[in-house]
Amino acid sequence: MRYVSGPVYMKNSDFTRRVVPLCAGLALLAGCALRQAQDDMPPAPARFNTTNAAAPRDGSWISPGLGVQDLLYVSDVGTGNVNVYSYPNGQLVGTLTGFQRPQAMCVNKYGEVFVPDLQAFKIYAYRHGAKNPTAVLSDPGQDPDDCAVDPTTGALAVANLSTPYSGAGDIVVYAHGKRTEFRDPQIRYYLFCGYDNQGNLYIDGMSSGSFKFAELPKGSANFVDITLNKHFRFGGAVQWDGRSVAVGDYESNAIYQFKINGKTGTKVGETRLNGSDYAIGFWIEGSRVIGPNDDSTSVMFWNYPAGGTRTKSISGLKTPWGAVVSLAK
């Protein structure tokens with residue numbers, strides 16, 4: 001991956017046809033507003049202050065009776081939609097529309113799915129199986145690229161790739177009705193983030209063309225920069241797999257597992273995603289990993305952590321980017 005002048009980034013030559021604009025010329029959204037919407041699902045416990053109402057999403061559809069069905073959500077930046085599939089069967093049961101550029105997503109313990117929209121400066125929240133958003137977070141002047149939910153508090157962390165005006169991105173945490181920004185002077189572009197089971201947040205990013213990795217320890221306002229004993233050109237998703245911190249290597253089509261000790265990350269395993277071409281926003285669900293394959297219009301399943309040959313493929317997308325599994329509660 002290389003960065004070019006202005007608020008635009010590219011990966012290798014295969015990606016040059018899909019330049020990612022970072023909102024230059026768009027007006028900043030005023031304030032940080034979270035807006036409550038009506039839908040047909042039972043109310044989820046409130047975790048943020050809410051005001052006003054979110055507009056229905058024209059064109060969205062969802063099959064009835066999905067409250068007892070596990071669901072797979074896949075963002076497709078090529079169409080601007082999020083497809084919803086039965087899990088693990090992979091049958092299309094809904095499409096959420098109205099996004100400008102839906103990125104990698106996250107989900108909380110209630111099955112509520114958060115969809116960062118990079119070109120709209122917003123993060124949309126959908127209850128499990130809902131057609132319309134239950135809430136919308138404003139991320140003014142930022143480019144939300146990924147998100148993660150703290151399993152210990154329910155706080156939502158958002159990795160902002162960059163900002164149209166300063167260029168440098170940040171991490172924003174939404175908790176207790178507040179929006180707090182965090183920056184690491186060693187990281188310019190924030191790509192992916194993930195919490196471990198203790199509430200520590202891990203981030204991968206880029207600066208001066210080099211891969212960076214850091215931790216925001218629980219309760220701290222300062223990052224700890226971490227050296228991983230594995231070379232990355234460009235990182236993918238970051239997720240706690242129940243034993244270690246899993247970090248995607250976008251260009252080698254693999255996930256590497258690390259044990260973190262202070263400022264050092266030691267590789268303890270790897271998962272090869274054979275047959276993929278850039279499975280970037282992967283999601284680990286128990287003994288499976290699901291990888292949207294943004295260069296081949298499909299989403300693929302592998303055994304985890306064994307990897308190897310894919311066990312399932314869902315086709316029919318344009319540029320799949322992120323995936324999460326929302327379990328029925």
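Residues: numbered from 1 along the sequence shown. All values reported here derive from a predicted model rather than from experimental measurement. Heavy-atom basis, side chains included; hydrogens, waters and symmetry copies ignored.
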> When you measure from the side chain of Thr271 to the backbone N and O of Pro305, does any donor-acceptor pair fall under 3.5 Å?
Replying inline: yes
>> Please find the pair of heavy atoms, one from Ser313 and one from Ser298, that lie closest to each other, and give the distance.
In response: OG-CB, 3.7 Å
> With a 4.5 Å limit on heavy-atom distance, are the side chains of Gln198 and Thr152 in contact?
Replying inline: no
> Between Tyr256 and Lys267, is there a cation-pi geometry (under 6.0 Å to ring centre, at most 45° from the normal)?
Replying inline: no
>> If I compare all heavy atoms of Met105 with all of Tyr73, which pair ends up nearest, and what's the gap?
In response: CE-O, 3.3 Å
> Is a donor on one side and an acceptor on the other found under 3.5 Å between the side chain of Asn293 and the backbone of Ser276?
Replying inline: no
> Thinking salt bridges, do Arg179 and Asp139 make one under a 4.0 Å N-O criterion?
Replying inline: yes
> How about Thr153 and Asp150: does a side-chain donor come under 3.5 Å of a side-chain acceptor?
Replying inline: yes
>> Do Pro116 and Arg101 have side chains that approach each other closer than 4.5 Å (heavy atoms only, starting at C-beta)?
In response: no
> With a 3.5 Å cut-off and no angle check, do the side chains of Glu215 and Ser220 form a donor-acceptor pair?
Replying inline: no
>> Ring-plane angle category for Tyr202 and Phe213, please: parallel below 30°, perpendicular beyond 60°, tilted otherwise.
In response: parallel
>> Looking at every heavy atom in both Asn81 and Pro102, which two are closest together, and how far apart are they?
In response: O-CG, 3.7 Å
> Given Leu228 and Phe211, is the side chain to side chain contact (heavy atoms under 4.5 Å, CB included) satisfied, shown in steps?
Replying inline: CA-CA 10 Å; Leu228 304 179; Phe211 172 83; 4.0 Å; yes
>> On a heavy-atom basis, which atom in Val224 and which in Pro217 lie closest, and how many Å separate them?
In response: CG2-CG, 4.0 Å
> So how far is it from Ser326 OG to Lys109 NZ, rounded to the nearest 0.5 Å?
Replying inline: 14.5 Å
>> Main chain of Val82, side chain of Ser75: is a donor-acceptor contact present, judged purely on distance under 3.5 Å?
In response: no
>> Does atom CD (Glu181) have a neighbourhood of more than 12 heavy atoms from anything else shown, all under 6.0 Å?
In response: yes
> Can you tell me how far OG of Ser208 sits from OH of Tyr189, rounded to the nearest 0.5 angstrom?
Replying inline: 9.0 Å
> Would you find a donor on one side and an acceptor on the other, under 3.5 Å apart, between the side chain of Asp145 and the backbone of Leu161?
Replying inline: no
>> With a 3.5 Å distance limit and no angle check, can you tell me whether Trp321 reaches the backbone of Pro292 through a side-chain donor-acceptor pair?
In response: no
> Are the side chain of Asn83 and the backbone of Thr95 linked by a donor-acceptor contact shorter than 3.5 Å?
Replying inline: no
> Judged by modelled atom types alone, do Ser207 and Gln186 share a side-chain donor-acceptor pair under 3.5 Å?
Replying inline: no
> Asn303 side chain to Ala306 main-chain N or O, any donor-acceptor pair under 3.5 Å?
Replying inline: no
>> So Val74 and Leu317, do their side chains get closer than 4.5 Å, heavy atoms only?
In response: yes
>> Just verifying a value: how many Å separate Gln91 CD and Ser63 OG, rounded to the nearest 0.5 Å?
In response: 7.0 Å
>> Has Asn108 got a side-chain atom pairing as donor or acceptor with Glu112's backbone, closer than 3.5 angstrom?
In response: yes
> Is the NZ or CZ atom of Lys230 positioned over Phe232's six-membered ring, under 6.0 angstrom from the centre and within 45° of the axis?
Replying inline: yes
> With side chains defined as the heavy atoms from C-beta onward, is the minimum distance between Phe114 and Leu156 less than 4.5 Å?
Replying inline: yes
>> Measuring only between side-chain heavy atoms, which start at C-beta, is Ile260 closer than 4.5 Å to Phe258?
In response: yes
> Which word best sums up how the rings of Phe223 and Phe182 line up, parallel for under 30°, tilted for 30 to 60°, or perpendicular for over 60°?
Replying inline: perpendicular
>> Under a 3.5 Å cutoff, is there a donor and acceptor pairing between the side chains of Lys263 and Thr227?
In response: no
>> Tell me yes or no: SG of Cys147 and SG of Cys106, less than 2.5 Å apart?
In response: yes
>> How close do Cys193 and Ala148 get, counting heavy atoms only, and between which atoms?
In response: O-CB, 3.7 Å
> With a 3.5 Å cut-off and no angle check, do the side chains of Tyr87 and Asn89 form a donor-acceptor pair?
Replying inline: no
> Are Leu72 and Val289 connected, step by step, through hydrophobic side chains (Ile, Leu, Val, Met, Phe, Trp, Tyr) whose heavy atoms are closer than 4.5 Å?
Replying inline: no
> Can you tell if the side chain of Tyr126 reaches within under 4.5 Å of the side chain of Thr134, non-hydrogen atoms only?
Replying inline: no
>> When you compare the side chains of Gln142 and Asp170, does any donor N or O come within less than 3.5 Å of an acceptor on the partner?
In response: yes
> Okay, side chain of Asn160, backbone of Ser162: is any donor-acceptor separation there less than 3.5 Å?
Replying inline: no
> Do Val325 and Ile290 have side chains that get closer than 4.5 Å, going by heavy atoms?
Replying inline: yes
>> Against the six-membered ring of Trp283, is Arg288 placed for a cation-pi contact (under 6.0 Å from the centre, within 45° of the normal)?
In response: no
> Has Asn229 got more than 12 heavy atoms of other residues, nucleotides or ligands less than 6.0 Å from its CG?
Replying inline: yes
>> So does Leu66 get a backbone contact from the side chain of His128, meaning a donor-acceptor N/O pair under 3.5 Å?
In response: yes
> Taking atom types as modelled and ignoring hydrogens, do the side chains of Asn200 and Tyr195 form a donor-acceptor contact shorter than 3.5 angstrom?
Replying inline: no
> Within a strict 4.5 Å, meaning less than it, do heavy atoms of the Lys122 and Phe99 side chains meet?
Replying inline: no
